[in-house]
Asker: 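I have a structure I would like to understand better, so I am pasting it below and will then ask my questions one at a time.
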Amino acid sequence: MKKNIFRISALVVAAFMSMTSCTDYLDKSPDSDISETEPYKNFRNFQGFVEELYNGIPAVTSNDYHNSWNLGEDELWEPADQRPLAYYIDQGNFRVIVTSGTYIYGFPRNGGSVTNSDKKGDKGHLWGLAWQSIRKANIGLANLDKLVDATQEERDLIEGQLLFFRGWYHFMLMQYWGGLPYIDHELPAGETPKLPRLSYQECAEMAAADFHAAAKLLPIDWDQTTAGRLTLGNNNMRANKIMALAYEGKNLLWAGSPLMNLESQKSATYNAELCKRAADAIGEALALTESTGRYELAPFSQYSDLFYLHNGNGKLPGLKETMFQENLVEFSGRWRWNQVNDYRPQLLESSGVKVYPTANYVDYYGMKNGYPIEDITVADKESGYDPAHPFKDRDPRFYHDIVFDGVQTALDPKGNLPEGTKYASLYTDGEMRAATSTQKECRTGYMFTKFLHPMTNGLDNTYKDNNVMILSLMRLADVYLLYAEATANGYGTPGSSSPKFGMTAVEAVNKVRARAGVDPVIARYTSSTDAFMSEVRRERAVELSFEGHRFIDLRRWLLIAEKPYTLKKAVYFDRTSDFSYSKPSEARVANLREEVLVERKFDSRHNWLPLPEADVNIYPEFGQNPGW
């Protein structure tokens with residue numbers, strides 16, 4: 001029998017409460033010798049309780065098998081392999097996410113059960129971990145009166161974190177499943193609740209209130225607090241004021257987006273009032289960021305360090321730009337075995353499961369001068385794009401994130417590698433595009449390099465080993481783009497700004513582009529909010545590429561079932577006689593074209609994920625999502 005999602009025994013929570021360590025009580029009977037007040041009596045004890053809320057953060061890129069967290073039109077897995085979650089999403093089978101032990105962030109152990117272990121395979125169960133953590137947050141809030149041996153600063157830190165995580169876990173659930181019951185109190189363990197589902201916007205208002213209250217209690221920097229000095233240098237990912245304000249704004253922007261406004265108000269447009277409030281909350285977060293230097297956009301010369309480190313001696317990627325990261329469970333070794341092998345064709349890496357960026361998604365990487373590429377087969381004098389030189393003068397992030405034809409992909413110390421192995425042979429019928437009985441081809445014509453060195457491969461271990469990759473759930477560039485979207489749709493124009501922050505919506509996009517060396521948004525896209533949004537969507541696609549945002553963005557924009565967002569394409573072209581490996585970005589090609597490999601047959605039911613049937617059937621008021 002499956003457990004009620006809301007009814008998690010207090011004894012489970014009690015097992016993790018300790019004065020010194022979250023594991024001290026694991027060898028004891030849950031009801032042995034813990035007094036009712038012991039876990040909460042002072043800051044040290046209570047913070048040990050709160051740490052379990054950090055432990056429930058999902059590990060997006062940590063799966064025991066093949067990691068599949070990009071579920072938009074952004075990447076293609078080999079269709080013959082049905083293990084990655086994206087395969088089922090392409091078929092429109094969203095139900096598999098909540099059945100057969102498959103969940104939004106991977107395949108948890110134990111038949112899909114939720115555990116508090118420190119194993120990476122147990123951290124993909126977003127649905128279960130979130131409800132469990134909400135329960136813990138409410139237990140903590142209900143016991144705040146027992147925190148008697150503490151300063152006011154310490155009380156504020158505890159309450160602020162509990163409120164932040166109650167809002168955050170609800171938000172994480174809502175963005176996939178829609179409006180839910182908002183659990184803001186400790187539910188009796190022995191009763192079946194009968195809390196009706198709220199609309200998305202009703203639920204978001206309650207999350208916003210929690211985030212807002214948390215922001216008033218939390219510091220900008222834990223290292224600057226008396227309590228935080230006990231863990232000096234290890235406080236970077238603790239919930240803080242800027243983080244709470246940024247998530248308050250993100251939550252409100254999501255609530256004001258077309259999908260959520262359609263669900264709540266029957267209007268498939270942006271809700272201007274919610275967007276205005278989102279812009280103000282995010283604007284306040286950015287104003288504090290810029291005035292204090294708490295977070296900073298990393299220089300483009302260190303862009304890779306935002307995502308992965310090679311031979312980093314235990315350091316974590318992210319720099320000062322990362323605000324909130326996925327769970328760090330087993331971070332030091334998980335990337336080597338879970339993902340690296342999948343990113344290269346079998347000519348370079350023997351693993352049988354392969355994933356590549358789709359050609360249509362790579363097309364979002366426009367020109368360095370700020371122009372988009374409308375059609376890769378058509379020359380554009382205004383932008384300078386030439387289909388005979390499709391890799392020339394592109395957005396610098398294209399060269400950072402994508403392996404294209406002619407880029408070196410393997411070291412050759414002995415000088416005995418064929419050219420088609422040493423360099424990316426991604427032209428039509430190139431060695432890496434040629435499937436055989438023992439080898440899968442690079443089907444889309446592009447490979448990834450955003451999360452690993454271009455020469456990571458199975459031919460040697462120079463770059464393959466000692467990699468640490470951690471995904472940011474929120475980083476500063478994302479926050480600037482959220483501000484741009486919220487401000488333009490809340491305050492009315494691309495040239496508008498929030499009174500909490502002087503920057504206009506256009507300036508916020510341009511700030512992110514400037515870091516990468518891309519020219520500002522061109523004038524034709526600043527004449528109206530509708531025109532501007534096409535560039536906001538493209539900028540989010542490029543700057544946040546393959547970081548797990550696209551599936552949510554397409555759904556909240558009501559584009560998940562619309563062409564061309566349902567298509568996954570491959571690029572084909574011929575090399576010309578003057579091709580040279582010395583400057584692959586300037587290579588001349590012939591017969592450039594794209595072909596559709598997959599067309600996803602989605603409809604309105606795919607705007608939301610289905611809910612687990614065992615939980616839906618607990619009581620009639622809960623209800624299933626439309627179409628499921």
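We use all heavy atoms of the structure for the numbers below, so side chains are in, but hydrogens, waters and symmetry mates are not. Everything numeric here is computed off the predicted structure, so don't read it as measured data.
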Asker: Just checking, is any N or O donor in the side chain of T487 or S496 under 3.5 Å from an acceptor N or O on the other one?
Answerer: no
Asker: Should the pair R515-E543 be classified as a salt bridge under the 4.0 Å nitrogen-to-oxygen rule?
Answerer: yes
Asker: Assess whether a salt bridge exists between D553 and R537, defined as any Lys/Arg side-chain N lying under 4.0 Å from an Asp/Glu carboxylate O.
Answerer: no
Asker: Are any of the side-chain nitrogens in R540 or D478 under 4.0 Å away from the carboxylate oxygens of its partner?
Answerer: yes
Asker: Could you check whether E507 pairs with R513 (Lys NZ or Arg NE/NH1/NH2 to Asp/Glu carboxylate O, under 4.0 Å)?
Answerer: no
Asker: Taking atom types as modelled and ignoring hydrogens, do the side chains of N625 and R197 form a donor-acceptor contact shorter than 3.5 angstrom?
Answerer: yes
Asker: Is the number of heavy atoms from other residues, nucleotides or ligands under 6.0 Å of K500 NZ greater than 12?
Answerer: no
Asker: With heavy-atom distances below 4.5 Å as the criterion, would you say the side chains of P357 and Y365 are in contact?
Answerer: no
Asker: Are Y483 and Y491 an aromatic pair, judged by ring center distance below 6.0 Å?
Answerer: no
Asker: Do the charged groups of K194 and E621 touch, with an N to O distance under 4.0 Å?
Answerer: no
Asker: Going by an N to O cut-off under 4.0 Å, is there a salt bridge joining E186 and K136?
Answerer: no
Asker: Checking W557 against E485 for the side chain to side chain donor-acceptor pair (under 3.5 Å) test, could you report, in this order, the C-alpha distance in whole Å, the side-chain angles of both residues, the deciding distance, and whether it holds?
Answerer: CA-CA 11 Å; W557 291 329; E485 181 179 351; 3.1 Å; yes
